[in-house]
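Beneath this line is the structure, given in structure tokens, with notes to follow.
All ligand and atom numbering here is 1-based and tracks the order in the structure.
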Amino acid sequence: MDVLLIVNPISGDKNKSNFLKFAGQIMSEHKLDSHVYKTTGKDDFKEVEQLIKTKSPHKVIVVGGDGTLNMFLDIFKLEGSLIGYIPMGSANGMAEEFDLIDSPKQLFENYLASENYFEVDLLLLNQKHLLLHLGDLGANANLVGNYEKDKSRGLLTYAKHFWSEFINLKGFEFEIETEENTYERKGVMLAICNGRKFGTGIPLNTIGKMNDGLFELVIVKAVDFSDLIKATYSKFDEDYEIQNFETIQAKSAQIKLHKPNLLQIDGEIIDQFDKIQIDVLPKALKFIK
Ligand SMILES: Nc1ncnc2c1ncn2[C@@H]1O[C@H](COP(=O)(O)OP(=O)(O)OP(=O)(O)O)[C@@H](O)[C@H]1O
């Protein structure tokens with residue numbers, strides 16, 4: 001198969017029917033052997049795994065938020081298709097990271113036309129969970145968790161949970177052991193970064209590269225948390241705003257928490273953990289450029 005197009009119909013509350021019509025037309029004009037898979041939120045991994053294993057698509061183009069891309073990492077990494085990502089979620093950290101500024105239609109045409117790609121590392125957490133972009137423990141994960149549980153969506157609901165988390169910021173203690181050192185620390189958030197920027201464009205660290213075989217752990221203390229908010233308004237001034245965050249770069253690490261804490265990966269809540277082993281899977285994915 002030439003192209004498998006995976007679309008999350010609900011991501012970002014965005015209507016994708018125009019885009020789908022356009023994509024269908026272009027693919028039939030080019031006489032491409034293609035298939036469109038719309039996610040349902042149930043058994044998507046199995047369905048896509050089956051499609052990829054039986055049809056071996058040359059390119060897989062994913063339309064949705066970071067969470068949609070994350071759903072299929074395990075199969076993408078095994079089968080080695082070229083991946084095109086079209087951001088249409090509510091928060092699109094990967095779009096910021098890859099600087100995807102073209103419209104969805106333009107991106108789709110670019111991906112069909114190009115055979116060039118760049119390779120990207122993945123992080124493996126506790127031998128089980130794949131992280132493409134950013135994960136964290138503490139304040140932000142709690143915020144994502146409370147937002148997900150809320151029946152209402154949208155910016156106002158997000159703001160409500162943001163303030164309740166911000167007013168009740170709770171520090172937690174943890175130990176980080178890397179190949180080189182052991183660190184005893186306390187913070188309100190511990191970020192695990194393959195990339196550098198939140199979906200809003202807020203940079204968490206300035207040294208991360210997604211293909212260097214390394215990751216960054218960023219410790220955010222209560223006083224620094226307000227910097228994160230300030231940084232929202234000055235996202236172009238990376239070096240100035242985030243100079244306070246302690247950043248530990250490593251090839252592998254183990255985090256031990258004194259008490260279990262909620263972990264979010266690429267915007268999705270995973271579970272509570274008191275121990276997290278982090279390893280890098282170097283150059284595990286091929287993204288079309
Ligand atoms: N048809 C569907 N109905 C409901 N949920 C779905 C559907 N398809 C996918 N999902 C869910 O969508 C999530 C991924 O959404 P993604 O993060 O890409 O978009 P988003 O709009 O940015 O999300 P959010 O608003 O939660 O941040 C996954 O948890 C997946 O299970």
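Close contacts between ligand 1 and S11 involve ligand atoms 19 (O), 21 (O) [criterion: under 4.0 Å to a heavy atom]. Counting the atoms of ligand 1 from 1 in the order shown, those under 4.0 Å from a heavy atom of G12 are 20 (P), 21 (O). If you number the atoms of ligand 1 from 1 as listed, the ones under 4.0 Å from a heavy atom of T68 come out as 14 (C), 15 (O), 16 (P), 18 (O).
When only non-hydrogen protein atoms are considered, atom 26 (O) of ligand 1 lies nearest to R153 NH2, 3.1 Å. Atom 20 (P) of ligand 1 has its closest protein heavy atom at S90 OG, 3.4 Å. Shortest contact from atom 3 (N) of ligand 1 to any protein heavy atom: T40 O, 3.5 Å. Closest to atom 5 (N) of ligand 1, if we only count protein heavy atoms, is I10 CD1, 3.5 Å. Residue, atom and distance of the protein heavy atom nearest to atom 31 (O) of ligand 1 are G41 CA, 3.9 Å.
Contacts classified as ring-ring contact (aromatic ring centres under 6.0 Å, His included) and involving residues 9-65 (residues at least two apart or in different chains) are given here: F19-F108. The side chain to side chain donor-acceptor pair (under 3.5 Å) pairs that include a residue from residues 168-187 are R185-E246, where partners are two or more places apart or lie in different chains.
Ion pair K105/E109 not flagged as a salt bridge, since none of the NZ, NE, NH1 or NH2 atoms sits closer than 4.0 Å to an Asp/Glu carboxylate oxygen. A salt bridge links K160 to D150: at least one charged side-chain nitrogen sits closer than 4.0 Å to a carboxylate oxygen.
The option with the heavy atom closest to atom 12 (O) of ligand 1, from among N8, L69, D13, D266, is N8.
N261 and Q272 share no side-chain donor-acceptor pair at under 3.5 Å. Using modelled atom types, one finds a donor on one side chain and an acceptor on the other under 3.5 Å when comparing K16 with S11.
Put simply, the residue from K251, Q127, Q254 that forms a side chain to side chain contact (heavy atoms under 4.5 Å, CB included) with D279 is Q127.
Contacts with ligand 1 closer than 4.0 Å are made by no heavy atom of E148, backbone or side chain. Only the side chain of E268 comes within 4.0 Å of ligand 1, judged by heavy-atom distances.
Panel note: side chain D274, backbone L257; no donor-acceptor pair is recorded below 3.5 Å. At least one donor-acceptor pair under 3.5 Å links the side chain of D121 to the backbone N or O of K283.
Inclusion of G67 in the set of residues having an N or O under 3.5 Å from an N or O of ligand 1 is warranted. Checked against a 3.5 angstrom limit, the closest N/O atoms of T39 and ligand 1 fall inside it. Residue G64 places no N or O, backbone or side chain, under 3.5 Å from any N or O of ligand 1.
Judged by the 6.0 Å distance and 45° axis criteria, K289 is not positioned over the aromatic ring of F118.
Ligand 1 has M71 within reach: a non-hydrogen atom of the residue lies less than 4.0 Å from it.
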